[in-house]
Amino acid sequence: MMKSVLPIFTLFMASFTVVTAQADHHGVHHHGPSGGVLVSLEGASRDVELVVRDGQVVTARLLDEEQKPLKSSVEFLTLTFTEPDGEKEDYKIEATDENGERIFQRNSAHVVHHIVRDPIVVSLQENGETYSSKEFSFPHGPHGGELVFLGKDSLIAEFCVDGDVVAIHILNGQKRSTEVKAEEITLTFTEPDGEVEDYQIPMHKNSGKGTTFQQEDDHIVKHIKRDPIIVTLVEQGVSHSSDTFRYQK
């Protein structure tokens, strides 16, 4: 791990650069028990937690008002997307039983791309009644992480923290994984005493599925969860930097 202290300069706490689409977020809470998006269904005393992982797996769970798993005979959930051209498209996620809990899961990079790009309505049918959410925008990336713009060049850094491991996936303007030519990405932190430090996260993989920077380091994860952050990616001499933001999870 490389570590250097940058010259002292003033960090303006600009508005956070979490990427969200323009849609109604009423009834949506961003912290379910599994780290997903908690969505309220109108007319029903239950919520749906929507989680995406690894760019291709979407999982939904029914929860009661205390965010505990809810037993149900529902056979499938429906996700209705509004595409950029205004066309609406439905996808069903069928139920399965897992360790005594009924969950809804689908392995599809295409569906995950819709989830992170398009406004969504979640609905289910039970006992002849249909219960639906308000239209909302999924606030996370295809790997389930937090999204941050890197300047004005349509590059996005997706932050995923799991235990002591931080992984940063690079996405394009369509929120798809994309390749960049860089061996490291820099995280600049402002500590509580005002000291400014930067850490380089090395490139972990660079393939047809995009570029990921990753490192296992509990000290870096502590900074991410506590301090204001600037992300900087330098590709072929061009610097792409975010505004200052705080990690929200």
Taking side chain to side chain donor-acceptor pair (under 3.5 Å) as the test, write out the residues that go with [X], two or more places apart.
X      : answer
Lys88  : Thr82
Ser154 : none
Gln105 : Thr59
Asp90  : Thr80

Among all residues two or more places apart in sequence or in another chain, which pass the side-chain contact (heavy atoms from CB on, under 4.5 Å) test with [X]?
X      : result
Glu129 : Tyr131
Arg106 : Val58, Tyr91, Ile93, Ser108, Val111
Glu183 : Met203
Ser239 : Thr232, Val234, Ser241

For the residue pair [X] and [Y], establish whether any side-chain heavy-atom pair is separated by less than 4.5 Å.
X      : Y      : answer
Gln215 : Ile220 : yes
Val166 : Asp217 : no
Ile103 : Thr96  : yes
Ile115 : Phe81  : yes

Check your understanding: Checking side-chain contact (heavy atoms from CB on, under 4.5 Å) for the pair Leu79/His114: CA distance, chi angles, key distance, verdict?
Key -> CA-CA 10 Å; Leu79 304 182; His114 275 298; over 6 Å; no

Treat each ILVMFWY residue as a node, draw an edge where side-chain heavy atoms are under 4.5 Å apart, and state whether [X] and [Y] are in one component.
X      : Y      : answer
Ile201 : Val221 : yes
Leu124 : Phe104 : yes
Val39  : Leu70  : yes
Ile185 : Leu155 : yes
Ile229 : Ile168 : yes

[atom1]-[atom2] distance between [X] and [Y], expressed to the nearest 0.5 angstrom:
X      : Y      : atom1 : atom2 : answer
Glu83  : Arg117 : CD    : CZ    : 5.5 Å
Glu216 : Asp162 : CD    : CG    : 10.0 Å
Phe213 : Glu184 : CZ    : CD    : 8.5 Å
Lys92  : Thr78  : NZ    : OG1   : 6.0 Å
Ser177 : His113 : OG    : NE2   : 11.0 Å
Gln125 : Leu77  : CD    : CG    : 11.0 Å

Exercise for review: Would you mind listing every ring-ring contact (aromatic ring centres under 6.0 Å, His included) that reaches into residues 36-63, with sequence neighbours excluded?
Suggested key: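 Listed by first then second residue: nothing to list.
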
Point to revise | Contact list for residues 150-172, test ring-ring contact (aromatic ring centres under 6.0 Å, His included), sequence neighbours left out | key: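 Only His143-His169, Phe159-Phe245 qualify under ring-ring contact (aromatic ring centres under 6.0 Å, His included).
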
If we ignore hydrogens and angles and just use 3.5 Å, is the side chain of [X] paired with the main-chain N or O of [Y] as donor and acceptor?
X      : Y      : result
Lys175 : Val116 : yes
Glu158 : Gly145 : yes
Thr244 : Pro228 : no
Asp54  : Gln56  : no

Review point. Hey, is CD on Glu89 packed in by over 12 heavy atoms from elsewhere, all under 6.0 Å?
Key: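 Above 12, so yes.
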
Review point. Quick check: are there more than 12 heavy atoms from other residues, nucleotides or ligands sitting under 6.0 Å from CG of Asp164?
Key: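 Yes.
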
Please output the side-chain donor-acceptor pairs of residues 62-69 that fall under 3.5 Å, not counting sequence neighbours, one pair per line with the distance.
{"unit_1": "Asp64", "atom_1": "OD1", "unit_2": "Glu66", "atom_2": "N", "d": "2.8"}
{"unit_1": "Asp64", "atom_1": "OD1", "unit_2": "Gln67", "atom_2": "N", "d": "3.1"}
{"unit_1": "Asp64", "atom_1": "OD1", "unit_2": "Lys68", "atom_2": "N", "d": "2.9"}

Nearest atoms (heavy-atom pairs only) where [X] meets [Y]:
X      : Y      : value
Leu41  : Ser133 : CD2-N, 3.8 Å
Val37  : Phe138 : CG2-CE1, 3.5 Å
Leu171 : Thr178 : C-CG2, 3.6 Å
Ser242 : Val148 : CB-CG1, 3.5 Å
Val231 : Ala157 : CG1-CB, 4.4 Å
Phe76  : Glu94  : CB-CA, 4.0 Å

Point to revise | Counterpart residues, salt bridge (charged side-chain N to carboxylate O under 4.0 Å, His left out), relative to Glu126 (two or more places apart) | key: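 Salt bridge (charged side-chain N to carboxylate O under 4.0 Å, His left out) list for Glu126, sorted by chain: Arg46.
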
